[in-house]
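What follows is a short report on a single structure.
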Amino acid sequence: MSSKSTSTTIRSSFGKWFPLISTLLLTGITYGVQRTSLALYANSILPYGLFDSSDNLQNFLIFLQIASTIVAYGLFKGLSGFFSSRVSSKLKRKNTMIIGLSLLVAGSVVIALASYLKLAGLIIGNVFIGGGLGFFFTASMSALTDIAGSEGSAFSLGTMEFSVYMGSSLGAFFAGLIGENQDGFAASFIFALIVAGVALLVGIFLLRNVETTELVKGSKEEILLDSTKVETQWKLRNIIRTPTLLLTYLAGHFSRIMDSIIVLLLPIMLSTTIYGFTATQIGIVMSAFTLAWSISMPLTGRLSDRFGRKEATIIGLLTEGLAMGLITLTSNFALVLILMIVAGIGTAVYYPSLPSITRDVVPIVKREQSLGIYRASLDSGYFTGPLIAIGLVFSATSLSIWGPATSNNIDNMLKFPILVIAVILGLLAISFLIFATETRPGWVQASISLKHGKKVREAFGKLKQAFDSYVEGESHEECNDLLGEAKDLEREADKLVMKVTRVLYGSVRPAPDDYHFYKITEILDSSIGFLLRSYRKLLLIPRNKLSSEFVDYLNDETDLLLQLITKAVEVLEVVCIQPLASHPIFNDVHLLENKLDKNSHRGLATILKKTDKLNTVEILFLDQIVEALELSANTIEDAVDVMKIIGLKYQISPLRI
């Protein structure tokens, strides 16, 4: 999908898109305060700070208490993401969003009272916030991908993450400023509560028409609701049987593990004696990561839609892993800041592609449920991440990886989880390279081929009118006018064939399946020629010489041909949107092929039986007319066979298990 068409889609749905994006921005600000302040605040309200004691057991218990806030957040965010689709199916998507925002406000209230409730307040507050954001983000993700369509889904999700993490970077920045002047960052949580309240009000009064059927009505996606029964053949257990989907969910999970380590350990690590950063510097570093992430994602999402998901995922995982690994090797503020920006850009490269892979592969009626599973896998990284971090930090301490347990070496132990997860991100990138299949190829010719197919269908419709006019005994002048209009449409289709040819041989970067789309366009174009040839010959035979049986054959044949080209264009459109969904339509094409074969035999039999009014030349013409109509049908069938090759190539996930 071109950037122009993606932008047009967003503009046409601006009334639905803008309130949702605004609400996501506000929730991001609330979350950004949590990201920066939570670990430091938890550390400050405990009787002893982390590593204030030389007792490893006591340090472990303190670390466990600090991590428990993020563990609670991740666990309930993952659970609510998993159940979000079920809640939406019963209560509607908007109500699910309002429930999520209400929980966000409730959690913000509890955390604002943490100076009285101590650590229990932080844990309970994060249960509410995690649950609320799980509901709201999963429902929002489904709504935004419905608005943009499959060809713009990564751009749409990139815009979502841009809003959330732009808000998060602003929240982190304000938390740093407030924390510099207020004891223990406590005042920053009051600021977060106010923003969460505004988000709830915006959600209640401005969010409208967010259901799938409302959002895809009138768009290309609507065809997926009506034209297939693929949802009855696709099961959610296919996820674990599909390497591409399984790797996608694992990459999302470890991405969140790294993010949770950044939230939990990085502020503490940067405040140790090795780094010695001030609260303002920590706020700048944290906000730089999320700012680079958020600003880049609309662009990287668009690139993913244009060039494919696989390359973006591989490059992004490698970039983030390398940058985060290098951060552990320097304590220079400027270098740490630059590396965090690079890590943020790396995250932005792959992050919108991961949920888009799910959207590309899963049938539309199962999409929200599968995105809920993806969100559960993603956000449960906030549950497993802190636990893994705890284990890695204290394993490094017990094994004395950085030498004896001196103050500096203990501070160094905080780097170990970052190094381990950075390596895992690199291994996931290699796994994607070897085992994953592209789900959204950079099809340059797809939109041109589809335009050509629709032009061919229009020409067939005009020629059907011409056949009907001839059969009804209209004047030759009127019949020739319709023939001329069909010929004009054929010329327009020829221009599109030339355009596809130029793309095939003129592109600097060869596009996937360019030859397949060229063949589809070329074959469909020839089908018009056969139909035109048959009609020209038909005009040479007086209408009153044709038997009623042959006229019935002509009516049925042209009706079936129009149905076949319509179904072929539908297949092409669905292949371009979601290859998996195209397969059931091939059965409809096969049924039409059988009907056309039987009707062609009927036409030939009619010529043999009813020839008393016809001379030899006219009989020969009728035979050529039947042959040309059959060739027109055969060429359409050949084009559909090429479409089937593309559909099978990018089906990714099996229909039956």
Side-chain angles (χ1 to χ4, degrees), residues 34-46 48-71 74 172 176 179 185 254-279 281-286 288-289 320-333 335-337 339-340 343 381-382 384-425:
Q34 306 284 338
R35 285 172 63 89
T36 302
S37 303
L38 197 59
L40 292 173
Y41 188 45
N43 196 35
S44 70
I45 65 175
L46 291 172
Y48 296 95
L50 185 61
F51 296 133
D52 284 350
S53 169
S54 59
D55 184 350
N56 280 345
L57 178 59
Q58 182 173 317
N59 284 327
F60 177 81
L61 294 175
I62 293 170
F63 197 178
L64 185 62
Q65 291 177 76
I66 296 172
S68 63
T69 59
I70 299 175
V71 169
F185 287 91
F254 278 97
S255 170
R256 277 296 195 248
I257 288 176
M258 177 61 86
D259 197 43
S260 68
I261 290 173
I262 290 172
V263 174
L264 175 64
L265 289 184
L266 195 62
I268 298 173
M269 188 178 81
L270 296 180
S271 67
T272 60
T273 55
I274 294 176
Y275 291 86
F277 290 2
T278 66
Q281 287 177 316
I282 293 172
I284 290 172
V285 168
M286 296 292 286
F289 174 71
E320 185 190 14
L322 181 61
M324 292 305 300
L326 290 175
I327 283 173
T328 65
L329 303 180
T330 179
S331 59
N332 180 274
F333 173 73
L335 287 177
V336 170
L337 182 61
L339 287 170
M340 285 298 285
Y382 283 127
T384 58
L387 300 178
I388 290 172
I390 291 169
L392 290 175
V393 166
F394 287 96
S395 294
T397 305
S398 300
L399 297 174
S400 300
I401 291 177
W402 267 271
T406 63
S407 176
N408 279 351
N409 286 341
I410 290 175
D411 290 345
N412 271 322
M413 305 306 177
L414 297 174
K415 300 177 180 179
F416 190 54
I418 295 176
L419 280 172
V420 171
I421 303 304
V423 170
I424 291 175
L425 292 179

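All values derive from a computational prediction rather than experimental measurement.
Taken from CG in Leu322 to CG in Leu425, the straight-line distance is 11.0 Å, to the nearest 0.5 Å. Taken to the nearest 0.5 Å, the CG atom of Leu270 stands 4.0 Å off from the CG atom of Leu266. A distance of 9.5 Å separates CG of Leu392 from CG of Leu265, quoted to the nearest 0.5 Å. To the nearest 0.5 angstrom, Thr384 atom OG1 is 11.5 Å from Arg256 atom CZ. Here the CE-CD1 distance, from Met340 to Ile284, works out to 12.5 Å after rounding to the nearest 0.5 Å. Here the CZ atom belonging to Phe254 is positioned 6.0 Å from the CD1 atom belonging to Ile421, to the nearest 0.5 angstrom.
Smallest separation of non-hydrogen atoms from Gly321 and Ala422: O-CB, 3.2 Å. Annotation for Ile327 and Tyr275: closest pair O-OH, 3.2 Å, computed over non-hydrogen atoms. Across all non-hydrogen atoms, the minimal contact from Ile418 to Met258 is O-CE, 3.7 Å. When all heavy atoms are compared, the tightest approach of Ser260 to Ile257 is OG-O, 2.7 Å. What you find for Pro417 and Val393 is that their closest heavy atoms are CG-CG2, 3.5 Å. Phe277 and Phe333 get closest at one heavy-atom pair: CZ-CA, 3.6 Å.
Residues Lys415 and Leu329 fail the side-chain proximity criterion, which asks for heavy atoms closer than 4.5 Å.
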